[in-house]
Q: 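Below you'll find the structure I mean.
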Amino acid sequence: MGEARRKRALALGDGSGGGEAPVVVDTLGGRMHVRWDEAAPATPNGQLVFFAEFLAATGVFERWVQKCPLEYRSGNAPSKRDVLGTLLLGALAGHRRYAHITALRGDAVAAQALGMSKVVSEDALRRGLQRIDEDAGAAWMRSALLHSVQQALDKPWVLDIDASIKPLYGRQEGAELGYNPHKPARPSHVLHTYWVGNLRLVLDVLVTSGKQHTSAHAKGRLGCLLDKLGHRRPVLVRGDCGYGNEGILTELESRNQPYLLRLRQTKNVQRLVARQFARSDWSRADSQGCQMVQDELQLVGWSRKRRVIIVRQRIRQGLVRERVNDRGQLRLAFADAAVLGPDRLWEYTVLVTDVAYPIESIAALYRDRADCENGFDELKNQWGLSGFTTQDLNRCQTTARACALVYNWWSWYCRAAHPGGRLEAITSRPLLLAAVGKAASHAGQTTLYLTPLHGRAATIKALIANVGAALQHVRRAAEQFSNLDPWGAMLHYISDRIAPSLRASPVPPGLPATG
């Protein structure tokens, strides 16, 4: 229905809600007359059309839909494009529960932009995901995640691995009491995440039961990933103390894969540190106040000796001693010279590695791992990676990987718009997604009127222009080469523009910093 025809229908009151008397509302700014217009094609995320163009030009959404193993037999069933498009919209909006999908049901403009006939209900989405075979669904999502980043891994990069806890509040499959530092008595799932440290992208997410939180349950998938990457394997695999054990080390060494892992502070590691503290050849303190020294160590259960780096840093301030007096009152004493006396306080870290970089560079490389922790926090709290929980573990696994996939797509889109730095979801959604959009159709042509509510409207238009330049580059390249992969061309285009931002700190030759 055209804009003029819709206005006439509202004025005549044809049953679309316009015939009802307006609601009179007395606001602080004066009286307003409110009419409900439920049939108007409008959206609160008007800038979604530019992201939809990004997906259409690169073909990744179409490829994801076509390869989906979801099949229906009923003629009344929704199409798999509608099911997957609804899941994409929910993840993009930052939803965490299936019930939140209801907030998208009236957004016909977003559905049209993704080529969908409608936004399906939360029950239809749950049932659709349940129909996907577990093995086929895992292969489909793993392939999509790898495809979303693989073409950008020609430059040296670092693979970070980590495990995070997903607390559960029902009787889901795999809800078991395991390692849960924040809620010790709460059942949970574990999210083993494989991360492209340089670009802050997800290679894969493995959802396991709450008791399968150790590195032994992530080792198999790590080996498969390294085998699939082939010549695009990382120059370094990096992990915290949960991965510095014989199982992970032999898995990496059998593939000649360099690694940098942290060791647990066991008794033998503490004895090593005690022996090294008396040495006089500690390196000079770097910009962070850290000193390093190296040695060889063979722990109990290790098959051979390995190179270890001991990093120490003196603690000078910020310490508080807590005491309870005879009356049960809490007393705090700040750690100054009067409290500590002449003793020095140190904190230390022991790293195991097989690379030949200088010890100063190795310490800096491990400190860069802190950047990936910010990415894990963003995925869990801003993208719903730990949401969309169902009774069976299979659907939890599928939605976790789907959230990671949409996150990768949106990350590339934001880097095309803003190559100079990252934009987290809490910033990029209001900037590049939210805008009141009102669609009007006339003579077979749809016009979308956008009203940005953000205060940086000029900046938004400049960012959208950057995306348009990237899409134009892909289109020109596709015209010249008929067998060109548009998504690969887009990733190479974006990677070339963000490369300077990846070299923010000096590191060993051939290994860029995680900027």
Q: Assess the side chains of Ser495 and Arg415: does a donor N or O sit below 3.5 Å from an acceptor N or O?
A: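 Their side chains do not contain a donor-acceptor pair, so the 3.5 Å distance test is not met.
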Q: Run the side-chain contact (heavy atoms from CB on, under 4.5 Å) test against Thr459 and tell me which residues pass, sequence neighbours left out.
A: Arg456, Leu463
Q: Which word best sums up how the rings of Phe54 and Phe51 line up, parallel for under 30°, tilted for 30 to 60°, or perpendicular for over 60°?
A: parallel
Q: According to side-chain hydrogen bond (donor to acceptor under 3.5 Å, both in side chains), does anything in residues 43-53 pair up with another residue at least two apart or in another chain? List the pairs.
A: Thr43-Asp107, Glu53-Arg475
Q: Taking only residues two or more places apart in sequence, or in another chain, which ones meet Arg105 in a side-chain hydrogen bond (donor to acceptor under 3.5 Å, both in side chains)?
A: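 Residues passing side-chain hydrogen bond (donor to acceptor under 3.5 Å, both in side chains) with Arg105: none at all.
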Q: Apply ring-ring contact (aromatic ring centres under 6.0 Å, His included) to His454 and list each qualifying residue two or more places apart in sequence or on a separate chain.
A: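 If we apply the ring-ring contact (aromatic ring centres under 6.0 Å, His included) test to His454, skipping adjacent residues, there are no hits.
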Q: Could you tell me if the side chain of Trp157 sits less than 4.5 Å from the side chain of Leu159, heavy atoms only?
A: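 Answer yes - side chains close enough.
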Q: With sequence neighbours excluded, tell me which residues meet ring-ring contact (aromatic ring centres under 6.0 Å, His included) with His100.
A: His95
Q: Does Thr214 have any side-chain hydrogen bond (donor to acceptor under 3.5 Å, both in side chains) partners at least two apart in sequence or in another chain, and if so, which?
A: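 Partners of Thr214 under the side-chain hydrogen bond (donor to acceptor under 3.5 Å, both in side chains) test: His217.
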Q: Test: side-chain hydrogen bond (donor to acceptor under 3.5 Å, both in side chains). Region: residues 248-262. Which pairs qualify, not counting sequence neighbours?
A: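 Every side-chain hydrogen bond (donor to acceptor under 3.5 Å, both in side chains) pair that includes a residue of residues 248-262, provided the two are not neighbours, is Asp227-Arg255, Arg233-Gln257, Glu251-Arg255, Glu253-Tyr259, Glu253-Arg304, Glu253-Arg306.
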Q: Partners of Asp392 by salt bridge (Lys or Arg N to Asp or Glu O under 4.0 Å), sequence neighbours excluded?
A: Arg395
Q: Could I get the full list of side-chain hydrogen bond (donor to acceptor under 3.5 Å, both in side chains) partners for Gln66, not counting sequence neighbours?
A: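 For Gln66, the residues satisfying side-chain hydrogen bond (donor to acceptor under 3.5 Å, both in side chains) (neighbours in sequence not counted) are Glu62.
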Q: Any non-hydrogen side-chain atom of Trp409 less than 4.5 Å from a side-chain atom of Ser148?
A: yes
Q: Does the side chain of Gln391 come under 3.5 Å of the side chain of Glu173 through a donor N or O and an acceptor N or O?
A: no
Q: Among all residues two or more places apart in sequence or in another chain, which pass the side-chain hydrogen bond (donor to acceptor under 3.5 Å, both in side chains) test with Ser428?
A: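 Counting only residues at least two positions away or on another chain, Ser428 forms a side-chain hydrogen bond (donor to acceptor under 3.5 Å, both in side chains) with Trp410.
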Q: Quick one: which residue pairs count as a side-chain hydrogen bond (donor to acceptor under 3.5 Å, both in side chains) with a foot in residues 127-143, not counting sequence neighbours?
A: none
Q: Listing request: all ring-ring contact (aromatic ring centres under 6.0 Å, His included) pairs with a residue in residues 196-216, at least two apart in sequence or in separate chains.
A: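 Residue pairs with at least one partner in residues 196-216: Tyr179-His213.
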